[in-house]
Number of protein chains: 4
Amino acid sequence: MTTTGAGAARPVGRPRSSQASDAIISATLDLLAEGVTIEALTIEAIASRAGVGKATVYRRWPNKEALVIDAIACLKGATPLLPGRSVREDLVTLLAGMGKANDTPEGRIVLAVLPEIRRNPELSARYAAMVDSRREVIREVFRRGLASGELTPDLDVELALAMLSSPMMSVASMRMFPRVSEERLAERIVDLALAGMRGPAPCE
Amino acid sequence: MTTTGAGAARPVGRPRSSQASDAIISATLDLLAEGVTIEALTIEAIASRAGVGKATVYRRWPNKEALVIDAIACLKGATPLLPGRSVREDLVTLLAGMGKANDTPEGRIVLAVLPEIRRNPELSARYAAMVDSRREVIREVFRRGLASGELTPDLDVELALAMLSSPMMSVASMRMFPRVSEERLAERIVDLALAGMRGPAPCE
Amino acid sequence: MTTTGAGAARPVGRPRSSQASDAIISATLDLLAEGVTIEALTIEAIASRAGVGKATVYRRWPNKEALVIDAIACLKGATPLLPGRSVREDLVTLLAGMGKANDTPEGRIVLAVLPEIRRNPELSARYAAMVDSRREVIREVFRRGLASGELTPDLDVELALAMLSSPMMSVASMRMFPRVSEERLAERIVDLALAGMRGPAPCE
Amino acid sequence: MTTTGAGAARPVGRPRSSQASDAIISATLDLLAEGVTIEALTIEAIASRAGVGKATVYRRWPNKEALVIDAIACLKGATPLLPGRSVREDLVTLLAGMGKANDTPEGRIVLAVLPEIRRNPELSARYAAMVDSRREVIREVFRRGLASGELTPDLDVELALAMLSSPMMSVASMRMFPRVSEERLAERIVDLALAGMRGPAPCE
DNA sequence: CGTTAATCGAGACGGTACGTCCTGTCTTCGG
DNA sequence: CCGAAGACAGGACGTACCGTCTCGATTAACG
């Protein structure tokens with residue numbers, strides 16, 4: 001122990017190049033965005049596209065799934081600006097944004113990856129954490145609604161979340177109403193769902 | 001042309017053995033039920049398990065996905081008996097059934113296959129048709145509710161369907177509330193959703 | 001035994017079509033002449049080329065080799081006209097003919113088939129019989145030479161045959177002297193070989 | 001460019017294992033020696049016998065033929081010791097050795113492979129080079145015979161070679177004289193052939 | 001003249017091998 | 001020690017033939 005002395009492991013030798021890691025992540029996302037299926041996605045193709053040896057990939061990630069998860073975690077969806085005038089308006093804005101995201105490259109990537117996630121519990125947790133950051137925005141809207149009395153105080157926030165986002169996702173990704181705009185769909189879903197969530201205030 | 005003259009094609013050569021087809025489908029479902037991932041599922045393993053040459057598989061299906069789709073189309077989920085006393089009770093029964101199905105071998109198979117379906121539009125259509133037969137039961141409940149006035153006449157049935165089934169599926173498959181029984185979950189979802197669907201009748 | 005009474009089997013049912021047999025043989029020779037290797041030669045290709053089902057081939061020949069042997073047995077090489085003026089002249093004519101045959105389609109077919117023959121003793125015998133008919137011509141020349149005293153009486157005819165034909169074949173098929181005509185080659189081989197075969201007559 | 005600067009290419013990546021190459025060659029020769037036909041010889045069997053992946057074979061040789069050629073090039077036939085007392089005695093010894101070699105495993109291997117060689121000109125050249133080294137011994141005997149006057153000065157050495165070796169090979173491999181020993185056959189062939197090659201010396 | 005039985009073409013059958021590709025590991029060299 | 005390059009054993013891919021086996025439709029000769 002002649003070195004730095006910090007409690008952590010002392011990495012000797014050449015340190016890993018973060019450039020390589022970035023190139024690998026980018027290559028993965030590129031391929032995914034080009035429509036390559038998860039199943040058709042290949043470590044060899046990723047390494048070659050990243051200009052990197054296969055071992056450099058395997059040194060960082062144990063397998064394709066882990067790499068893909070890390071890759072999609074790097075996708076940052078732009079959070080839409082919320083008007084903040086009412087719970088309904090905010091939810092419609094958020095849901096419409098979710099629906100539209102299905103058509104962006106990022107949305108397609110996430111969709112492609114989704115099924116693999118369900119299988120691996122560890123990855124599932126990491127994915128949940130990632131998704132949670134996006135849900136947090138909706139949760140915040142709910143909290144404001146509860147405070148303002150727009151929403152009933154005994155609302156189960158997590159369940160309400162599912163009641164809103166999962167119909168939107170399934171309707172949008174299945175293209176069940178191809179002629180209806182995302183905004184209109186979001187409105188109808190929010191209206192239907194909110195009916196059971198409204199607070200007692202505006203009853204009379 | 002002195003003969004039957006039927007317009008149909010007369011198949012020449014030895015006809016395909018339906019026994020082989022059945023064995024292949026069974027082998028596929030077996031492997032899937034044993035927890036083999038779609039990605040890990042192998043035509044070679046299927047053929048070997050079915051006691052069949054690889055060519056016999058490829059003669060019928062062009063690839064794994066097509067085969068898997070045909071295989072799951074053979075899964076017949078038992079439709080639960082509906083009490084029929086009220087829309088709410090029926091929907092709770094149906095949703096609870098859907099939730100529980102996630103834990104059956106059939107449910108796991110369908111979940112494993114779902115993601116691949118979204119990719120291929122042709123298969124997607126075939127899957128939709130299959131799912132539709134199960135949705136039809138819910139639709140029937142809706143129709144009865146509309147007739148009895150339990151549901152508002154301007155209800156969008158398809159959207160309402162999505163509002164019920166997709167939250168149930170996502171909540172159940174993600175195990176978001178691991179301690180709550182499927183029945184209780186179903187009740188809460190139905191109650192939340194129905195609030196926006198009730199007819200004017202019980203207003204007084 | 002109510003029938004014809006001949007010792008032979010009485011074939012009932014539809015007799016085999018000799019047309020089919022001929023088509024199969026022709027197809028085989030065609031493919032061989034087009035340069036298809038024995039190894040690359042396929043029963044399926046033969047049957048398809050002959051417009052015949054595979055079973056029709058297998059009903060007649062147990063395997064590719066047997067079929068090929070029967071096919072080449074149908075090749076009739078044109079025997080060159082012999083001047084008959086002297087043993088030397090006749091042998092040169094015959095050998096030159098043998099050398100030239102290497103460049104004909106038939107020659108190429110035989111060459112292609114030769115190696116397989118060495119392996120199967122039964123086929124080897126059939127091939128020997130076929131070849132023998134061509135050797136018989138040379139044997140006849142030898143006999144005339146022995147009678148006329150041109151050749152030494154203690155000549156081993158079979159060995160002498162090998163001494164003439166095998167150098168010619170190997171030299172020609174290996175193209176060892178690409179610039180020398182077959183006639184010139186034949187002359188030189190015959191002259192070299194005849195030296196040890198001459199009779200005592202022209203000694204003085 | 002501060003380094004060695006040799007014009008040769010510097011191989012990058014892990015070098016090919018010569019152990020694997022050797023194992024592949026050995027496996028090939030083993031199978032051939034066990035009587036497996038060239039046609040029945042299988043890359044898969046070779047790889048498995050060599051304890052090697054198929055790709056490792058295909059990385060080195062493009063096909064079975066190329067591999068087999070390389071394999072037989074590794075067969076070293078023991079050159080018989082030559083008495084050196086006379087051209088005749090030496091040739092008889094050599095030819096008898098050639099004849100006997102047909103019964104050794106190596107001889108059978110070469111015979112099995114011969115036909116394939118004739119087809120591919122490139123392989124043909126490589127085979128010729130290999131055979132040439134064995135012919136060189138005979139050529140040396142001829143040269144000594146020319147020097148000593150035992151052979152006529154205008155002898156065409158290459159043709160003389162063919163006049164001796166090809167009859168021996170064909171007679172031996174076809175087993176035309178099954179009861180005659182190789183030595184006796186060799187004597188008779190050499191005597192017949194030498195008659196046309198003798199020098200003027202012993203004329204008186 | 002209708003039965004009978006082997007034939008025909010077509011093509012499916014369980015297998016085996018093909019030659020390619022990818023996996024995850026390993027060696028090499030240069031930095 | 002990292003990095004690219006690429007070889008390694010293993011195994012699945014989808015294709016092509018093997019030799020056998022149904023199919024329905026002909027074809028003779030027998031009865």
Side-chain angles (χ1 to χ4, degrees), chain A residues 11-17 19-20 40-48 50-64, chain B residues 3 10-17 19-21 23 40-48 50-60 62-64, chain C residues 2-4 10-17 19-20 40-48 50-60 62-64, chain D residues 3 10-17 19-21 40-48 50-60 62-64:
Chain A
V12 299
R14 176 173 171 179
R16 294 197 184 157
S17 138
Q19 223 176 303
L41 190 66
T42 275
I43 295 277
E44 221 148 57
I46 293 172
S48 137
V52 142
K54 270 200 296 178
T56 303
V57 179
Y58 280 112
R59 214 171 278 125
R60 282 146 226 258
W61 293 277
N63 51 50
K64 200 165 60 175
Chain B
T3 35
R10 26 111 223 181
V12 62
R14 176 172 173 178
R16 299 204 180 151
S17 144
Q19 226 178 300
S21 305
L41 191 65
T42 275
I43 296 277
E44 224 148 59
I46 293 172
S48 137
V52 142
K54 269 199 292 179
T56 301
V57 179
Y58 282 112
R59 215 172 275 127
R60 280 145 227 261
N63 51 51
K64 205 164 57 177
Chain C
T2 57
T3 34
T4 45
R10 22 118 229 181
V12 300
R14 175 174 176 178
R16 295 198 183 156
S17 141
Q19 222 176 305
L41 190 66
T42 276
I43 295 277
E44 221 147 58
I46 293 171
S48 139
V52 142
K54 270 200 295 176
T56 303
V57 180
Y58 281 111
R59 214 172 277 125
R60 282 144 225 260
N63 50 50
K64 202 166 59 176
Chain D
T3 33
R10 27 114 220 179
V12 62
R14 175 173 172 179
R16 301 208 178 146
S17 143
Q19 228 178 301
S21 305
L41 191 64
T42 274
I43 295 279
E44 224 147 57
I46 293 172
S48 137
V52 141
K54 269 200 292 179
T56 301
V57 179
Y58 282 112
R59 214 172 277 126
R60 280 145 227 261
N63 51 52
K64 205 164 57 177

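Below, read A as the first sequence line, B as the second, and so on, with proteins coming before strands; counting in each chain starts at 1.
- Here CZ of D:Arg60 is found 6.0 Å from OG of D:Ser17. Values are rounded to the nearest 0.5 Å.
- For C:Ser17 and E:dT7, the shortest distance from a side-chain N or O to OP1 or OP2 is not below 4.0 Å.
- Using a 4.5 Å cut-off on side-chain heavy atoms (C-beta onward), C:Val57 and C:Lys54 make no contact.
- If you take CZ of D:Arg60 and P of F:dG6, they are 15 Å apart, rounded to a whole angstrom.
- Judged by closest nucleotide on DNA chain F, A:Gly51 is the one of D:Gly51 and A:Gly51 placed further toward the 5' end.
- Scanning both residues, B:Ala23 and B:Ala50, for their nearest heavy atoms gives O-CB, 3.5 Å.
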Scoring nucleotides 20-27 of chain E by protein non-hydrogen atoms under 4.0 Å (B base, S sugar-phosphate only, - none) yields B-BBBBBB

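- Whole-Å rounding puts the C:Ile46 CD1 to F:dG19 C1' distance at 14 Å.
- The main-chain N or O of B:Arg59 is found under 3.5 Å from a side-chain atom of B:Arg16 such that the two form a donor-acceptor pair.
- One interatomic measurement links the two molecules: CZ of D:Arg16 to C1' of F:dA5, which rounds to 13 Å at whole-angstrom precision.
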